[in-house]
Amino acid sequence: MQNKVSRRGFGKSLGAAAMLSASTTAGAASKRARAVGTPQPNYYQFPKNFLWGCATAAYQVEGAAREDGRGPSIWDTFSHTPGKTFENQTGDIADDQYHRYKQDVQLLKWLGAKIYRFSISWSRIFPEGTGKPNERGIEYYQRLSDELRANGIEPFATLFHWDLPQALQDRVGGWESRDTAKAFGEYAGYVASKLSDRVHHFFTMNEFSSFIDLGYAEGRFAPGLQLPPARLNQARHNAVLAHGLAVQAMRANAKAATKIGLAENLTSAVPVIEAEPHIQASNKATRFLNAQYLTVIMEGKYMDEYLHAQGANAPKFTPEDLKIISSPLDFLGINIYQPTYIRAADSPLGFVRVKEPSSFPHMLSNWLFIGPEVLYWGSRHVAEIWNVPEIYITENGCSSTDDLTPDGHVYDTDRIMFLRNYISKLHRAVSEGYPVRGYFLWSLLDNFEWADAYSRRFGLYYVDYETQKRYPKESAYWYRELISRNAVV
Ligand code: NOJ
């Protein structure tokens with residue numbers, strides 16, 4: 001931990017003192033200047049090697065949808081199907097990062113970011129999902145990683161951020177088939193062999209529940225299906241199996257120092273009251289509410305309570321599947337946005353979920369309830385329940401109206417409020433010793449927000465989609481200050 005008060009902070013407090021002395025008596029001013037505005041040693045200061053960065057995903061930022069041999073993904077099909085996305089917008093061009101990646105690396109550098117999380121488009125590498133790899137696809141990610149490294153930014157790559165090759169959906173039914181899991185393993189092994197000389201951290205999957213539950217149960221995301229429970233549970237199983245097969249294939253093909261994890265938006269349980277019975281209840285809830293994804297990955301077993309609750313709809317699996325699914329990981333990535341409030345209850349599961357009242361505050365996306373403490377509890381629960389040695393916050397951030405002023409500014413004070421409060425709670429987790437090593441803010445720049453398309457902005461940089469010009473929002477200046485001070489500001 002650093003104890004020093006930064007020069008800039010010191011200068012600011014002198015400035016505050018000077019202003020005060022102009023309007024009050026000198027004695028009273030100097031007394032107040034000591035009490036107000038003087039940075040406290042260790043005040044929300046992060047450990048010296050804590051890593052700050054930003055995250056994005058291929059389909060949301062790259063564009064270049066038909067270039068250099070890329071095959072279509074289920075998101076191309078979905079977004080081109082009328083009525084599926086906001087105003088039928090697509091990711092055909094998005095932020096055009098495929099062509100502008102050098103410029104975007106400079107945006108990261110200006111922030112002082114040390115890490116960047118991007119995802120790889122499977123159908124750029126295997127346009128048909130399997131078979132012969134397309135070299136021009138992998139070359140793009142090699143160029144991007146080299147550019148990041150040349151600018152002192154460590155690349156972290158996600159293998160699957162929802163853009164399944166359409167060919168696999170058509171041929172075998174996508175995640176409904178074990179063949180997709182096998183194909184994912186092969187893809188992961190290939191990427192590891194071509195990229196692990198320059199990318200040392202990989203995430204297999206991003207957010208199981210988003211691409212399975214929203215894509216195969218609710219139909220709000222690609223491929224837009226509404227499966228009955230038994231088929232849905234099997235798709236869930238195939239997805240965790242794919243994760244495990246990918247871990248194994250990467251271990252077999254990557255350079256020795258490669259670290260592997262995943263990025264999961266677990267249901268993050270927060271005790272309604274920070275007192276023992278509720279804390280224990282939220283701990284139990286974390287295991288149970290994540291039984292179909294994170295719990296089976298971390299424990300190599302579906303919880304009896306889960307199998308019992310699913311009854312005849314439970315997934316079919318073998319003991320060998322469970323071994324693969326629980327292949328050891330080097331770290332865990334957690335995407336954390338909104339809390340799930342839990343209370344202790346005198347019931348078989350020992351907890352109940354407390355639904356948010358209608359007055360609960362949220363950001364522009366109406367699902368994004370504001371509960372900063374979830375960053376603390378999410379980190380604490382995964383560290384305590386599964387003894388995770390290394391955690392990254394792989395996503396956290398929010399949407400805002402982000403109005404651009406005529407002179408090119410965005411005063412997104414709501415985003416700054418959101419981030420300041422969440423990161424303060426992250427500080428609590430770190431200072432209590434939970435092993436969080438880094439934080440990726442979602443997102444570097446506004447991008448294609450899936451079904452909400454361009455109607456929801458999450459970036460630190462505002463993107464004018466007509467001109468592709470990027471403007472730093474006020475939150476970008478704020479994050480830059482946070483990174484340079486390594487403290488909440
Ligand atoms: C999680 C997803 O991984 C990301 O793609 C999405 O844009 C953000 N949440 C915001 O909804």
Side-chain angles (χ1 to χ4, degrees), residues 53-63 73-76 78-79 84-86 89-91 94-95 97 116-122 156-164 202-215 218 220-222 239 243 261-268 290 293-294 332-340 362-371 374-375 378 392-402 412 414-415 418-419 422 439-463 465 473 475:
C54 296
T56 62
Y59 190 71
Q60 295 181 271
V61 299
E62 283 179 1
S73 79
I74 56 172
W75 268 97
D76 294 286
F78 191 73
S79 66
K84 299 297 183 192
T85 62
F86 175 79
Q89 293 167 343
T90 74
D95 292 328
Q97 189 168 86
Y116 179 53
R117 173 176 174 240
F118 59 90
S119 85
I120 296 174
S121 152
W122 183 348
F156 281 59
T158 309
L159 292 174
F160 185 71
H161 203 122
W162 312 351
D163 43 357
L164 184 76
F202 287 93
F203 307 98
T204 54
M205 300 281 185
N206 179 73
E207 299 199 350
F208 289 99
S209 62
S210 301
F211 70 88
I212 297 287
D213 295 47
L214 298 181
E218 294 186 28
R220 284 194 282 136
F221 279 10
H243 153 82
L262 81 169
E264 175 60 337
N265 62 327
L266 74 162
T267 299
S268 293
N290 295 291
Y293 300 125
L294 201 53
L332 192 62
I334 49 180
N335 294 0
I336 298 216
Y337 290 92
Q338 79 282 40
T340 297
H362 60 77
M363 300 303 289
L364 190 60
S365 307
N366 53 12
W367 53 267
L368 218 178
F369 293 116
I370 304 167
V374 66
L375 216 37
Y392 287 90
I393 305 301
T394 29
E395 281 184 35
N396 173 242
C398 65
S399 50
S400 156
T401 43
D402 288 335
D412 54 340
D414 53 348
R415 178 172 290 108
F418 179 99
L419 293 170
Y422 272 71
Y439 171 94
F440 296 89
L441 197 152
W442 186 274
S443 179
L444 172 63
L445 70 182
D446 296 337
N447 57 49
F448 179 82
E449 176 61 9
W450 307 111
D452 289 335
Y454 303 107
S455 71
R456 292 289 176 271
R457 295 177 177 271
F458 275 78
L460 289 175
Y461 288 90
Y462 180 97
V463 177
Y465 294 108
K473 300 177 190 173
S475 56

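Both ligands and their constituent atoms are indexed starting at 1 by order of listing.
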Residue pair Lys473, Asp446: steps toward the salt bridge (charged side-chain N to carboxylate O under 4.0 Å, His left out) verdict: CA-CA 11 Å; Lys473 300 177 190 173; Asp446 296 337; 2.7 Å; yes
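- The shortest contact between atom 11 (O) of ligand 1 and any protein heavy atom is with Glu449 OE2, 2.5 Å.
- Counting atoms of ligand 1 from 1 in the listed order, those under 4.0 Å from a heavy atom of His161 are 2 (C), 3 (O), 4 (C), 5 (O).
- Contacts of Asn206 with ligand 1, taken as heavy-atom pairs under 4.0 Å, involve the side chain alone.
- Aromatic pair Tyr454/Tyr465: ring centres closer than 6.0 Å.
- Judged by distance alone, the side chain of Glu264 and the main-chain N or O of Phe208 form a donor-acceptor pair under 3.5 Å.
- In this structure, Trp367 and Phe458 have parallel ring planes: the angle between them is below the 30° cut-off, well short of the 60° mark.
- Heavy-atom contacts of Glu207 reach the following atoms of ligand 1: 1 (C), 2 (C), 3 (O) (cutoff under 4.0 Å).
- Those atoms of ligand 1 with a heavy atom of Trp450 less than 4.0 angstrom away are 4 (C), 5 (O), 6 (C), 7 (O).
- The aromatic ring centroids of Phe156 and Tyr392 lie less than 6.0 Å from each other.
- For atom 8 (C) of ligand 1, the choice among Tyr337, Phe448, Trp162, Phe458 with the nearest heavy atom turns out to be Tyr337.
- In the vicinity of Trp367, heavy-atom distances shorter than 4.0 Å reach the ligand 1 atoms 11 (O).
- Taking the six-membered ring wherever Trp is involved, the centroid distance between the rings of Tyr337 and Phe369 does not fall below 6.0 Å.
- For atom 1 (C) of ligand 1, the nearest protein heavy atom (residue, atom name, distance) is Glu395 OE1, 2.9 Å.
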